[in-house]
Amino acid sequence: MKNATGSFLFDFLSSNLNLLLACAIPLYIAGTYFRYVYRFRSANRKHENGSTTIPPTAPYIIPYMGHAIAFLRDPTEFVKQKIYLATKDTQRPVHLKLGPESLFVIQGARNLRTLWRFSSNLSPNSTFHYALTNFFGMNEKSSKTYLLDDSGIGHEPTAGSSVKPHNRVGFLNHHLFTDFLTGPGFRPLTTRFEKEIMGFKARILDMCGSEKKETKRTGDFLELFTMELTRTSLHATCGPLLLELDPDFPRRFWIYSCGLPHFLRRIPRLFAREAYEARDSLVASVKLWHTAARLRFEPRYVDEAADVDPFWGCNFFRRRQETLGGIDNYDADAIASEDFAAIWGFNHNVILAAFWVSYEVFRDRALLSRVENEVAACADPTKPSGIDVEKLVTMPLLQSIWAETLRLRVHIFMSRKVSQADLNINHWLVPRDNVVFVSSTPAHMDTASWSCGPDDSHALNEFWADRFLVPQSDGTAAFRLDASMSGSWIPFGGGVQMCPGRHFAKREALLTCAILVSCFDVDLVVPDGGMEMDWSTCGTGTLKPKARIPYSIGRKGDGGVD
Ligand code: HEM
């Protein structure tokens with residue numbers, strides 16, 4: 001009898017194996033999902049009750065893969081759905097599983113403020129390794145230097161680190177960047193940019209023709225920035241030689257920029273030829289520039305006052321040759337990739353941000369007139385650009401436009417490895433050796449952090465020039481963006497690794513806008529409701545507009561600032 005039952009069961013199971021599998025797999029998947037939903041809710045409850053808790057895993061369906069497919073298919077939608085909307089009202093940290101890797105997403109203004117305070121326990125080196133290998137074409141042997149560097153960015157290496165001083169790539173680069181872009185080092189760069197912007201103005205005047213009030217040229221307003229401003233900015237940082245050797249560099253730079261989604265998703269070369277070819281040709285040009293500059297440079301060419309020479313441009317690139325050249329496993333290709341990465345960082349986000357600032361100003365006549373008043377108040381014929389930049393960057397409306405542009409247009413991902421000890425962020429525990437991840441999108445769209453104006457009439461997904469202005473009793477308005485907002489306004493990140501180029505970026509974008517406003521009449525053809533953003537590069541910084549913006553430009557009647 002027992003044998004008969006056993007053989008019946010065996011026969012039943014073997015003849016219905018497909019059916020059983022067909023039922024078991026969805027049941028297993030549903031079980032996994034509901035188990036995670038249960039754990040997600042109970043961990044949040046535990047934290048609310050005051051316990052120190054590991055951020056719960058956002059529920060997922062596919063075992064092992066976790067959220068990887070959703071993330072790779074559409075990172076933007078993923079950020080909106082899993083990171084932002086899943087915890088929209090609370091902005092709690094959440095754990096995401098991306099195949100074999102995992103991320104702890106930190107969000108919420110208070111949590112971010114706490115996170116930045118733990119900077120010395122957070123290493124960006126695995127992010128640099130990822131970016132240099134995947135975005136900037138560095139070979140693995142060289143980029144691995146970042147993974148091996150556990151010495152931190154302090155002058156004294158982290159206790160227990162045995163990395164040789166010349167291989168402390170994180171520390172060496174960090175200090176080259178901060179020396180160049182902050183403190184006394186940053187003045188010469190701004191002064192050079194102020195001179196170079198006159199070349200930008202002259203090229204546009206050429207385009208306009210000689211007649212006052214004659215408007216010329218319809219094209220894409222973005223190109224004024226991607227082509228002309230990139231040229232200006234490259235001159236200010238790299239000097240003239242790079243562009244002399246490769247005048248087409250700016251055009252291919254922006255082709256590369258459009259290919260960023262491929263690099264972000266690690267799409268193989270076979271399926272993204274144009275992006276890879278643009279990237280490789282840009283790195284090759286940087287290498288060519290290095291070779292030519294090395295051959296031609298002599299110390300007597302250095303203009304000490306301006307901190308510049310005609311071959312390396314600013315002293316940053318000259319100093320980097322020596323520093324990076326001393327690292328084991330770094331060759332000429334690796335240094336070219338490093339400098340291409342720096343050139344990308346120095347230009348990409350700020351040039352797009354400068355575009356959005358001017359776009360907002362020229363598409364709104366009332367705003368344009370207010371901006372004209374602020375720019376006119378900063379006219380100073382003794383300055384290289386005819387404008388007092390230091391005064392310009394303190395004007396309330398212009399500052400508010402800058403802050404609002406970055407709030408709305410910068411969608412950037414930042415990640416760090418918890419390097420020395422478990423991290424406790426307001427009772428959320430991230431164990432050591434895990435990766436914390438921050439996206440600027442939830443912070444910039446957090447309804448709890450931002451004013452939407454009287455009657456809530458200025459939604460957070462729209463540009464509102466006055467969002468950062470506070471009315472004063474004397475009828476004026478003051479700009480407000482203080483330390484209390486350091487976890488809410490995060491286009492430049494935070495903590496010790498916060499963008500050191502932020503001071504220069506503000507000057508570059510606002511001075512460019514001021515030159516356009518004071519010297520040119522610009523008419524933009526913008527669709528009703530404004531231009532949408534192209535979300536395909538979400539995660540890499542400032543987004544581009546989704547479509548071309550036809551425009552016309554002419555000399556201003558009075559000739560503008562000379
Ligand atoms: C709107 C313009 C810009 C935005 C939104 C932006 C954003 C950022 C962010 C978020 C980081 C930190 C990344 C992280 O924490 O992983 C960063 C780093 C950096 N940025 Fe910017 N940036 C801008 C403009 C600039 C400019 C104009 C320069 C230089 C001229 C610059 C130079 C750098 C450098 C060198 C770093 C790396 C710092 C380090 O590793 O120590 N940035 N930027």
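Just so you know, ligand 1 is whichever comes first in the structure, and atom 1 is the first atom listed for that ligand. Positions are given from 1 along the sequence. This one's a predicted model, so the numbers in the text were calculated from it and none came from an experiment.
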Enquirer: Heavy atom under 4.0 Å from ligand 1: found in Ile412's side chain, backbone, both, or neither?
Expert: side chain

Enquirer: Is a side-chain donor-acceptor pair under 3.5 Å present for Arg113 with Ser486?
Expert: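 Short answer, no.
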
Enquirer: How far is atom 39 (C) of ligand 1 from the closest protein heavy atom, and which atom is that?
Expert: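 That would be Phe177 CD1, 3.8 Å.
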
Enquirer: Which residue and non-hydrogen atom of the protein lie closest to atom 13 (C) of ligand 1, and at what distance in Å?
Expert: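 Atom 13 (C) of ligand 1 sits closest to the protein heavy atom Met414 CG, 4.0 Å.
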
Enquirer: Mind listing the closest non-hydrogen atom pair of Val389 and Arg507 along with its distance?
Expert: CG1-CG, 3.6 Å

Enquirer: Would you check if there is a donor-acceptor pair between the side chains of Thr158 and Ser151 at a distance under 3.5 Å?
Expert: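 The criterion, which ignores hydrogens and geometry beyond distance, is not satisfied for Thr158 and Ser151.
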
Enquirer: Determine, using ring centers only, whether Phe463 and His458 are less than 6.0 Å apart.
Expert: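 For His458 and Phe463, the ring centres are not under 6.0 Å apart.
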
Enquirer: Starting from atom 10 (C) of ligand 1, locate the nearest protein heavy atom and write down its residue, its atom name and how far away it is, to 0.1 Å.
Expert: Pro491 O, 3.3 Å

Enquirer: How far is atom 12 (C) of ligand 1 from its nearest protein heavy atom, and which residue and atom is that?
Expert: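 So the nearest neighbour among protein heavy atoms is Gln497 O, 3.8 Å.
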
Enquirer: Which of the atoms in ligand 1, numbered in the order shown and given with their element, are less than 4.0 Å from a heavy-atom of Phe128?
Expert: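 In order of numbering, the contacting atoms are 40 (O).
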
Enquirer: Return the option from Asn349, Leu176, Val357 holding the heavy atom at the smallest distance from atom 1 (C) of ligand 1.
Expert: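 Of the listed residues, Asn349 has the closest heavy atom.
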
Enquirer: Only heavy atoms count here, so choose which of Gly501, Pro500, Gly345 is nearest to atom 34 (C) of ligand 1.
Expert: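 Minimum heavy-atom distance to atom 34 (C) of ligand 1 goes to Pro500.
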
Enquirer: Does any N or O atom in Ser415 lie less than 3.5 angstrom from one in ligand 1, N or O only?
Expert: no

Enquirer: Output yes when a side-chain donor or acceptor of Glu374 lies under 3.5 Å from a complementary backbone atom of Leu397, and no otherwise.
Expert: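 The answer is yes, because a donor-acceptor pair under 3.5 Å joins these two groups.
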
Enquirer: Do Tyr146 and Asn173 have side-chain atoms, one donor and one acceptor, less than 3.5 Å apart?
Expert: yes

Enquirer: Output yes when Glu390 and Lys383 qualify as a salt bridge under the 4.0 Å nitrogen-oxygen rule, no when they do not.
Expert: no

Enquirer: How about Trp344 and Phe135: are their ring centroids closer than 6.0 Å?
Expert: no

Enquirer: Under 6.0 Å between ring centres: does that hold for His411 and His444?
Expert: no

Enquirer: Should you measure from each heavy atom of Gly493, which atoms of ligand 1 turn up under 4.0 Å away?
Expert: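 The atoms of ligand 1 under 4.0 Å from a heavy atom of Gly493 are 10 (C).
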
Enquirer: Considering non-hydrogen atoms of the protein only, which is the closest contact for atom 41 (O) of ligand 1, and what is the distance?
Expert: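 Nearest protein contact, heavy atoms only, for atom 41 (O) of ligand 1 is His174 ND1, 2.8 Å.
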
Enquirer: What part of Phe346, side chain from CB on, backbone N/CA/C/O, both or neither, has a heavy atom under 4.0 Å from ligand 1?
Expert: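 Both backbone and side chain.
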
Enquirer: Give the residue, atom name and distance (to 0.1 Å) of the protein heavy atom nearest atom 18 (C) of ligand 1.
Expert: Cys499 CA, 3.7 Å

Enquirer: Establish, yes or no, whether a centroid distance under 6.0 Å links the rings of Phe504 and Phe186.
Expert: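 No.
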
Enquirer: How does Thr178 reach ligand 1, by side chain, by backbone, by both or by neither, if only non-hydrogen atoms under 4.0 Å count?
Expert: neither

Enquirer: Return the closest protein heavy atom for atom 4 (C) of ligand 1 as residue, atom name and distance.
Expert: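 Residue, atom and distance for the closest contact: Phe492 CE2, 3.4 Å.
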
Enquirer: Short N/O distance, under 3.5 Å, between Arg416 and ligand 1?
Expert: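 Such a contact does occur with ligand 1.
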
